[in-house]
Amino acid sequence: MNNGLLSKLKNWVSGDPFEDEAYGMEEDYEFRNTRPEQEVEMLDDSKKARKPLRVVDHPTSQKAQVVVIEPRAFEEALEIIEHLRTKKSVILNLHLLDTAQSQRVVDFLSGATHAIDGNQQRIGDGVFIFTPNNVSIRSEAEKNMAIEDAYWKQSY
């Protein structure tokens, strides 16, 4: 009797392909597809107790905002950092500041942007873009400059 039990256990563990023939497929199929009445009632009750699903906007579906700022003093840099912290990109036009103040504002904003894992890029003379960490900057100008550099290095 032990040999029969051990062989059945061995066949079950090893995945014997003739296993269904030994037990009868019809009986096994009927057993697997029946549920006790209490279990069926519990499933029905749990379906009734569920609340209907709500549709909620996904946070990334919000429109990205870009703020253009022309500061007149260094003190306005804190306002720019607040925009970055609220996930808004900032285009900074420094034409109204002298060179020393412009350098100070750019240095300050560069540090703050780095602290929030943001990105920055010089767009033009006295114009910069600062973005939060959810916005990346891709510049075709950098790509073109790299291609030109590679071309000039080869021609020597």
Side-chain angles (χ1 to χ4, degrees), residues 9-17 19-20 28-156:
L9 180 61
K10 181 180 174 185
N11 291 340
W12 181 75
V13 171
S14 66
D16 187 9
E19 178 183 272
D20 288 335
D28 191 35
Y29 178 76
E30 289 174 13
F31 177 74
R32 279 189 276 165
N33 290 329
T34 58
R35 286 190 174 155
E37 289 180 21
Q38 289 178 339
E39 188 178 338
V40 172
E41 288 175 11
M42 287 174 45
L43 288 175
D44 290 340
D45 291 340
S46 67
K47 287 181 183 177
K48 291 176 186 174
R50 287 185 190 168
K51 294 180 182 178
L53 296 175
R54 294 184 317 161
V55 177
V56 207
D57 286 338
H58 194 275
T60 59
S61 66
Q62 296 174 355
K63 293 184 179 179
Q65 292 185 353
V66 179
V67 180
V68 178
I69 297 180
E70 294 180 336
R72 292 174 175 22
F74 174 77
E75 288 75 25
E76 294 179 44
L78 292 175
E79 177 186 336
I80 297 167
I81 293 171
E82 271 311 306
H83 289 300
L84 291 171
R85 290 181 65 209
T86 57
K87 303 292 185 193
K88 297 177 185 171
S89 298
V90 176
I91 294 180
L92 182 67
N93 186 349
L94 297 170
H95 288 117
L96 300 176
L97 294 176
D98 63 5
T99 307
Q101 284 184 328
S102 295
Q103 185 65 44
R104 190 174 171 205
V105 168
V106 169
D107 289 345
F108 184 70
L109 292 176
S110 295
T113 303
H114 179 72
I116 63 168
D117 292 327
N119 301 298
Q120 64 185 19
Q121 178 78 37
R122 181 173 175 259
I123 298 174
D125 187 32
V127 181
F128 296 84
I129 185 167
F130 294 90
T131 63
N133 61 356
N134 64 332
V135 178
S136 61
I137 301 172
R138 192 180 102 206
S139 174
E140 292 294 323
E142 286 181 358
K143 191 177 183 184
N144 290 340
M145 287 174 54
I147 292 171
E148 286 178 15
D149 287 345
Y151 174 76
W152 287 109
K153 286 179 184 176
Q154 288 180 355
S155 63
Y156 285 112

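What you see is a predicted model; the values in this text were computed from it and never measured.
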- For atom CG of Asp125, decide whether the heavy atoms of other residues, nucleotides or ligands shown that lie under 6.0 angstrom number more than 12. no

- Query: Does Asn119 use its side chain to pair, donor to acceptor, with the backbone of Val135 at less than 3.5 Å?
  - Reply: yes

- Distance in Å, Arg104 CZ paired with Phe74 CZ, rounded so as to fall on 0.5 Å steps: 4.5 Å

- Item | Contact check, side chains of Phe108 and Leu78, non-hydrogen atoms, under 4.5 Å | yes

- Item | Spacing of CD belonging to Gln65 relative to NE2 belonging to His83, to within rounding of 0.5 Å | 9.5 Å

- Query: How close do Glu76 and Glu70 get, heavy atom to heavy atom, and via which atoms?
  - Reply: OE1-O, 4.3 Å

- Query: Rounded to the nearest 0.5 Å, how far apart are OG1 of Thr131 and CG of Leu84?
  - Reply: 7.5 Å

- Query: Atom CG of Leu97 and atom CD of Gln103: how far apart are they, to the nearest 0.5 Å?
  - Reply: 12.0 Å

- Less than 4.5 Å apart, any side-chain heavy atom of Ile91 and any of Phe128? no

- Query: So Ile129 and Arg122, side chain to side chain contact (heavy atoms under 4.5 Å, CB included) or not? Walk me through it.
  - Reply: CA-CA 6 Å; Ile129 185 167; Arg122 181 173 175 259; over 6 Å; no

- Distance in Å, Ile69 CD1 paired with Leu92 CG, rounded so as to fall on 0.5 Å steps: 7.0 Å

- Message: side chain to side chain donor-acceptor pair (under 3.5 Å), that's the test. Do Thr113 and Gln120 meet it? Break it down for me.
- Response: CA-CA 7 Å; Thr113 303; Gln120 64 185 19; 4.6 Å; no

- Query: In Å and rounded to the nearest 0.5 Å, what is the CG to CG distance from Leu94 to Leu109?
  - Reply: 8.5 Å

